[in-house]
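To start, the structure under review is shown below, and the notes come after it.
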Number of protein chains: 2
Amino acid sequence: MYEEKEGLEVTAEDLYKQKDKMYVATDCIIFGFDSGSLKLLLFRRRVSPLEGNWSLIGSFVKLNEDVGTAAKRVLEEITGLKDVYMEELKVYGAADRDPGFRCISIAQYALIRLNEYDRELVKEFGAEWFDVNELPELVLDHEQMVRDALDKLKQKARLQPLGFELLPEKFTIPQLQNVYEVIFQKELDPRNFRKKVLSHNVIVKLEEKDKSSSKRGAFLYQFDKDRYQKLIQKGNDFEVW
Amino acid sequence: MYEEKEGLEVTAEDLYKQKDKMYVATDCIIFGFDSGSLKLLLFRRRVSPLEGNWSLIGSFVKLNEDVGTAAKRVLEEITGLKDVYMEELKVYGAADRDPGFRCISIAQYALIRLNEYDRELVKEFGAEWFDVNELPELVLDHEQMVRDALDKLKQKARLQPLGFELLPEKFTIPQLQNVYEVIFQKELDPRNFRKKVLSHNVIVKLEEKDKSSSKRGAFLYQFDKDRYQKLIQKGNDFEVW
DNA sequence: TCAAAAGTGTTGTGGCTACACCCATGC
DNA sequence: GCATGGGTGTAGCCACAACACTTTTGA
């Protein structure tokens with residue numbers, strides 16, 4: 001593998017010099033939840049080729065920057081949000097994925113609370129929220145990234161309480177159920193859903209009601225991160241639903 | 001994010017020129033299974049700094065090479081094996097992870113059938129198999145990579161039939177159980193294990209017996225990839241054990 | 001008073017866990 | 001004939017799916 005001569009010390013420096021460098025980018029698949037459907041944040045590409053086409057938000061990783069930091073930077077620039085749930089999706093590393101320049105991309109996906117974000121900023125960047133079921137055509141391999149992200153989201157959401165990341169701090173159980181119905185693309189039974197969610201003992205009922213979607217109103221709940229942490233530390237192998 | 005001037009067309013070429021390039025490497029976490037324990041393939045680093053220390057097998061990704069291909073190339077050079085189960089683990093992209101040079105690493109893990117591989121090649125490369133419970137100290141962030149790979153292996157093995165990748169084509173049920181006991185780090189009940197494995201209908205009993213580990217001998221089985229494919233295509237959400 | 005969403009219990013089933021003994025064979 | 005690992009069946013329990021009606025309240 002390394003073809004150095006026997007007996008001579010080969011330093012990392014010698015070795016690295018013969019090697020190829022390339023661009024490293026990160027693309028962000030940013031999910032939000034609004035009025036009953038899962039949304040994806042897209043923007044119009046500002047550079048040619050493919051200028052004006054819809055694409056994911058991306059950026060190049062700088063030399064002195066962690067890969068994860070790069071993605072958080074992009075997300076904050078565009079939405080103004082910090083401390084967002086964000087996770088690595090996958091590396092897109094095909095040699096020919098970007099025409100002209102060798103560039104690998106580390107896709108990361110984020111879940112954000114739509115009500116918290118600064119809509120102005122998003123507009124400034126030529127960005128727009130799309131229903132995940134009505135996406136436009138995307139540049140390069142971004143469509144594949146979105147498909148992969150949706151799959152991973154489904155998978156993860158079964159074992160980790162991701163639903164809360166997409167809702168405001170206070171939410172109703174029907175709202176939460178709605179989030180999961182959208183993620184899993186199927187209807188859930190309200191009785192079973194409520195039972196299961198409450199059984200884990202990680203959401204707390206408040207006194208207030210939300211009357212925005214019914215006359216009777218639904219009680220608000222809050223996620224209790226501490227209780228959740230304790231649960232999983234106990235090794236509770238926690239299937240959310 | 002992109003700081004081009006309004007109104008002017010900015011090409012990808014213009015844009016890319018201002019950006020940083022870096023080294024992209026891949027490190028392989030290579031698992032094998034032998035005499036009742038899970039093994040990891042390590043080799044002695046041949047370049048300074050840290051020359052002579054144990055490390056994972058890695059390589060730089062070439063400009064005209066897919067990231068996945070790079071890992072497969074390394075694996076084949078060292079073990080002589082092709083068509084091995086291999087999957088992306090995670091990106092290690094901290095700015096300071098490699099002293100001196102900015103280099104991100106895409107870790108990938110592989111499962112190989114120890115009996116098939118060419119032991120000579122492994123020796124040539126200064127490589128050695130270690131029991132995963134008795135690993136030496138490793139360079140850089142390689143210990144973290146191994147921990148992460150073990151976690152992922154555990155997780156994946158629950159939902160996908162990975163155990164077969166570590167065994168020869170023909171294997172006995174006690175052997176298979178042993179693989180899973182080693183991966184999950186706990187003992188399994190032989191009656192329940194057998195029942196579950198057979199219930200999926202993806203392994204086929206042969207007439208032959210293996211007598212290498214008991215006088216009575218145990219029947220050999222074979223994994224039936226077609227049946228497995230059909231099962232998961234039917235949406236059978238398949239928890240292996 | 002009625003429409004619309006919130007909230008509540010029970011029952012059957014299937015899958016998991018736990019558990020103990022006989023079988024085949026080589027020495 | 002005995003030691004060693006291979007192979008089998010059952011019973012209790014729990015988690016899940018399926019399913020229908022009452023409550024609240026604004027209009």
Side-chain angles (χ1 to χ4, degrees), chain A residues 35-37 157-159 161 163 167 170-182 184-222 231 234-241, chain B residues 35-37 157-159 161 163 167 170-182 184-222 231 234-241:
Chain A
S35 46
S37 73
R158 262 183 52 185
L159 298 168
L167 289 172
K170 300 173 181 182
F171 53 86
T172 68
I173 291 183
Q175 274 165 20
L176 186 63
Q177 178 177 339
N178 196 217
V179 169
Y180 280 95
E181 288 180 332
V182 166
F184 296 139
Q185 305 262 40
K186 70 173 181 193
E187 296 199 344
L188 302 172
D189 181 290
R191 288 166 294 221
N192 294 337
F193 183 82
R194 179 178 294 266
K195 234 179 302 168
K196 187 92 182 263
V197 171
L198 291 173
S199 76
H200 294 124
N201 242 328
V202 295
I203 64 175
V204 182
K205 189 176 184 175
L206 305 175
E207 287 311 309
E208 317 162 58
K209 280 191 166 184
D210 172 296
K211 296 208 165 192
S212 62
S213 71
S214 80
K215 294 155 188 167
R216 177 176 174 181
F219 279 104
L220 287 163
Y221 288 77
Q222 231 173 343
L231 248 188
K234 263 194 257 165
N236 257 19
D237 204 22
F238 213 110
E239 175 150 345
V240 189
W241 23 81
Chain B
S35 48
S37 71
R158 263 183 51 186
L159 299 168
L167 290 173
K170 299 173 181 182
F171 53 86
T172 68
I173 290 183
Q175 275 165 19
L176 186 62
Q177 178 176 340
N178 195 217
V179 169
Y180 280 94
E181 289 179 333
V182 167
F184 297 139
Q185 304 262 38
K186 71 174 180 191
E187 297 199 343
L188 301 171
D189 182 290
R191 288 167 292 224
N192 295 336
F193 183 82
R194 179 179 294 266
K195 233 179 303 168
K196 187 91 182 263
V197 171
L198 291 174
S199 75
H200 295 124
N201 243 328
V202 294
I203 65 175
V204 182
K205 189 176 184 175
L206 306 175
E207 288 311 308
E208 316 162 58
K209 279 191 168 185
D210 172 295
K211 297 208 166 189
S212 61
S213 70
S214 80
K215 294 154 189 167
R216 177 177 175 181
F219 280 103
L220 288 162
Y221 287 77
Q222 231 173 342
L231 247 189
K234 263 195 256 164
N236 258 18
D237 203 22
F238 213 110
E239 175 148 345
V240 190
W241 26 83

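Naming: A, B, ... by sequence-line order, numbering from 1 per chain. Both backbone and side-chain heavy atoms feed into the values below; hydrogens, waters and symmetry mates do not.
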Spell out, as yes or no, whether a donor-acceptor pair under 3.5 Å connects the side chain of [X] to the backbone of [Y].
X: A/Y180; Y: A/G163; result: yes
X: A/E181; Y: A/E187; result: no
X: A/Q177; Y: A/L188; result: yes

Atom-to-atom span, [atom1] of [X] to [atom2] of [N] - whole angstrom:
X: A/H200; N: D/dC14; atom1: NE2; atom2: C1'; answer: 14 Å
X: A/Q177; N: C/dA6; atom1: CD; atom2: C1'; answer: 11 Å
X: B/F171; N: D/dG6; atom1: CZ; atom2: C1'; answer: 16 Å
X: B/L176; N: D/dG7; atom1: CG; atom2: P; answer: 12 Å
X: A/L188; N: D/dC19; atom1: CG; atom2: P; answer: 15 Å
X: A/F193; N: D/dA18; atom1: CZ; atom2: P; answer: 16 Å
X: B/L198; N: D/dT8; atom1: CG; atom2: C1'; answer: 12 Å
X: A/E181; N: C/dA5; atom1: CD; atom2: P; answer: 13 Å

Could you measure the distance from the [atom1] atom of [X] to the [atom2] atom of [Y]? Nearest 0.5 Å is fine.
X: A/E208; Y: A/F219; atom1: CD; atom2: CZ; answer: 10.5 Å
X: B/D210; Y: B/Q175; atom1: CG; atom2: CD; answer: 5.5 Å
X: B/T172; Y: B/L206; atom1: OG1; atom2: CG; answer: 11.5 Å

Next on the checklist: Any heavy-atom pair between the side chains of B/N201 and B/L231 that's under 4.5 Å?
Outcome noted: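 No, every pair of side-chain atoms sits at 4.5 Å or beyond.
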
Item to check | Heavy-atom neighbours of A/K209 NZ exceed 12 at 6.0 Å | outcome: yes

Item to check | Letter per nucleotide, 5' to 3', of nucleotides 10-19 of chain C [B base touched, S only sugar-phosphate touched, - untouched; heavy atoms, 4.0 Å] | outcome: B-----SBBB

Checklist entry - Which residues within residues 206-217 of chain B lie with some heavy atom under 4.0 Å of an atom in DNA chain D? => result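 Here the set is B/S213, B/S214, B/K215, B/R216, B/G217.
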
Item to check | Test side chain to side chain contact (heavy atoms under 4.5 Å, CB included) applied to A/V202 and A/V197, step by step | outcome: CA-CA 8 Å; A/V202 295; A/V197 171; over 6 Å; no

